[in-house]
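In the text below, chain A, chain B and the rest are named by the order of the sequence lines, each starting its count at 1.
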Protein chains: 2
Amino acid sequence: MVETTRRREIEDAASSLFHEHGYSGTSVRDIARALDIQGASLYAHVTSKQDVLWSIVERTASRFEAAADAALAGADGPVPGPGSQLAALVRAHVGVITDDVRRASVFVHEWRSLSPDRRAAIGKRRDAYEGRFRTVIGDGIAAGTFAPVDQVVAAAFVLTSLNGLVAWYRPDGRLKPGPLAEAMADLTLRAVLIGPDDAPPDEVDAG
Amino acid sequence: MVETTRRREIEDAASSLFHEHGYSGTSVRDIARALDIQGASLYAHVTSKQDVLWSIVERTASRFEAAADAALAGADGPVPGPGSQLAALVRAHVGVITDDVRRASVFVHEWRSLSPDRRAAIGKRRDAYEGRFRTVIGDGIAAGTFAPVDQVVAAAFVLTSLNGLVAWYRPDGRLKPGPLAEAMADLTLRAVLIGPDDAPPDEVDAG
DNA sequence: CCTACCGATCGGTAGG
DNA sequence: CCTACCGATCGGTAGG
């Protein structure tokens, strides 16, 4: 838990390797080689390989949570309401991913390699995080802004597609973080916003 | 390549284990144990662990391709056009996943563990498959049925969320394959269909 | 499908 | 951060 430069370098190298080959597919010696030291030397800085994974996953989880907090707190812009809240959540989530794809990728894919206790702890936090999306979508449906979609499916649909970014986002690609976040927010809002083909929620207006 | 019962049992067991622990996280002895035989005995039926992965991935790729072919061929129902074609593609994709989540999960997540040649070959097929989604979305935009979204982003957005099913679909869950496919098709179409807030494509109708 | 075994590599420790 | 080393496990082979 001591915050040193070397420790961060280790987690950076491990994030890259876990991202590319997975936790099981990466050896302690692979990480050491990326830092030009011996495998055994790594244990001067970390207590175990699992410990490195945990640091990466736990810190990234906190980043997602903090970004969502900030997004919901500052979402009352020109057009308040569930629509702008959901858009803010999406932009925040995309921002955490584009800010560090490798760590985000490890968080998304390698939490299954955590020890049982840690895996359970992260599972709860992931569910609570996804719950924010469910709640905002539910609010939008109740307000008549969103179509009566299945909240659970819609939240999973959206979050999965955002998380999928870790597989195809390229920092040097055509789409920069800003426009990409806008495109994702646009697709997300379209998917849930009420449209002309949707039946009115409870009362029929007579034109 | 010989199609025996035992071979299928091996691939079934391997699919479950690869799905749960990943390719690298699964040993040959793990697979053997699931079949109540010795690790070395597995080699009477397969040539290598990599060979088992390849069979699973290759067959599943073919299933996705065949399902998409059938979907596009039979999509000219009551309301032809890009909308019904996209919906048909989505239903087909979801169907392949719900039909065998474990194999689908291995296809989606473990193709990175393939040998370089095989990985490249599957990569090309995956891109061609995703191209069908891009094309249909492009057709819809050209026809004025779909909003002018980014085809590449939209296709990735949709396909990723569908593939994400392998992580949360439960055969004994609340949503059965049929309704689930409908919900996914609904969200997908909403995300791309043109709405009241979209500017008209090229000419403004004067009310 | 078994027993017996191969060299290589794994995560990690001892002692400096 | 190093050398030297540990027991365990890895994918796979030999020979039946």
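Between the P atom of dT9(D) and the NZ atom of Lys49(A) lies a distance of 15 Å, rounded to the nearest Å. We find that NE2 of His21(B) is positioned 16 Å from C1' of dC10(D), with the value rounded to whole Å. With rounding to whole Å, His45(A) atom NE2 is found 16 Å from dT13(C) atom P. In this structure, Ile37(B) atom CD1 and dG12(D) atom C1' are separated by 14 Å, rounded to whole Å. Here dC10(C) presents its C1' atom at 15 Å from CD of Gln50(A), a figure rounded to the nearest Å. Distance CD (Gln38(A)) to C1' (dC5(D)): 14 Å, rounded to an integer number of Å. The interatomic distance linking Asp51(A) (CG) with dT13(C) (P) rounds to 12 Å, in whole Å. Atom-to-atom, CG of Leu35(B) to P of dC1(C) comes out at 8 Å; the value is rounded to the nearest Å.
Of all nucleotides listed (dC10(C), dA4(D), dA14(D)), dA4(D) comes nearest to the side chain of Ala40(A). Among dG11(D), dT3(C), dC10(C), the nucleotide with an atom closest to any side-chain atom of Val28(B) is dG11(D). In this structure, of dC10(D), dC1(D), dG11(C), it is dC1(D) that holds the atom nearest to the side chain of Ser41(A). The side chain of Tyr43(A) has dG12(C) as its nearest neighbour among dG12(D), dG12(C), dC1(C).
No engagement by Ser24(A) is indicated, since no non-hydrogen atom pair under 4.0 Å with the nucleic acid exists.
Stacking of Arg126(A) on the aromatic ring of Phe64(A) is not recorded, the 6.0 Å distance cut-off and the 45° axial limit not both being met.
No side-chain donor from either of Arg103(B) and Thr60(B) sits under 3.5 Å from a side-chain acceptor of the other.
Contact between the side-chain N/O atoms of Ser27(A) and the OP1/OP2 oxygens of dC10(C) is found at a separation under 4.0 Å.
The distance from atom OG of Ser27(B) to atom CZ of Arg33(B), rounded to the nearest 0.5 Å, is 6.0 Å.
The residue among Arg29(A) and Gly39(A) whose nearest nucleotide of DNA chain D lies closer to the 5′ end is Gly39(A).
Considering only heavy atoms from C-beta on, Asp30(B) stays 4.5 Å or farther from His21(B) through its side chain.
When Watson-Crick and G-U wobble pairs are counted only if both distances are under 3.5 Å, dC6(D) pairs with dG11(C).
The pair Asp69(B)-Arg132(B) meets the salt-bridge criterion, since a charged nitrogen lies less than 4.0 angstrom from a carboxylate oxygen.
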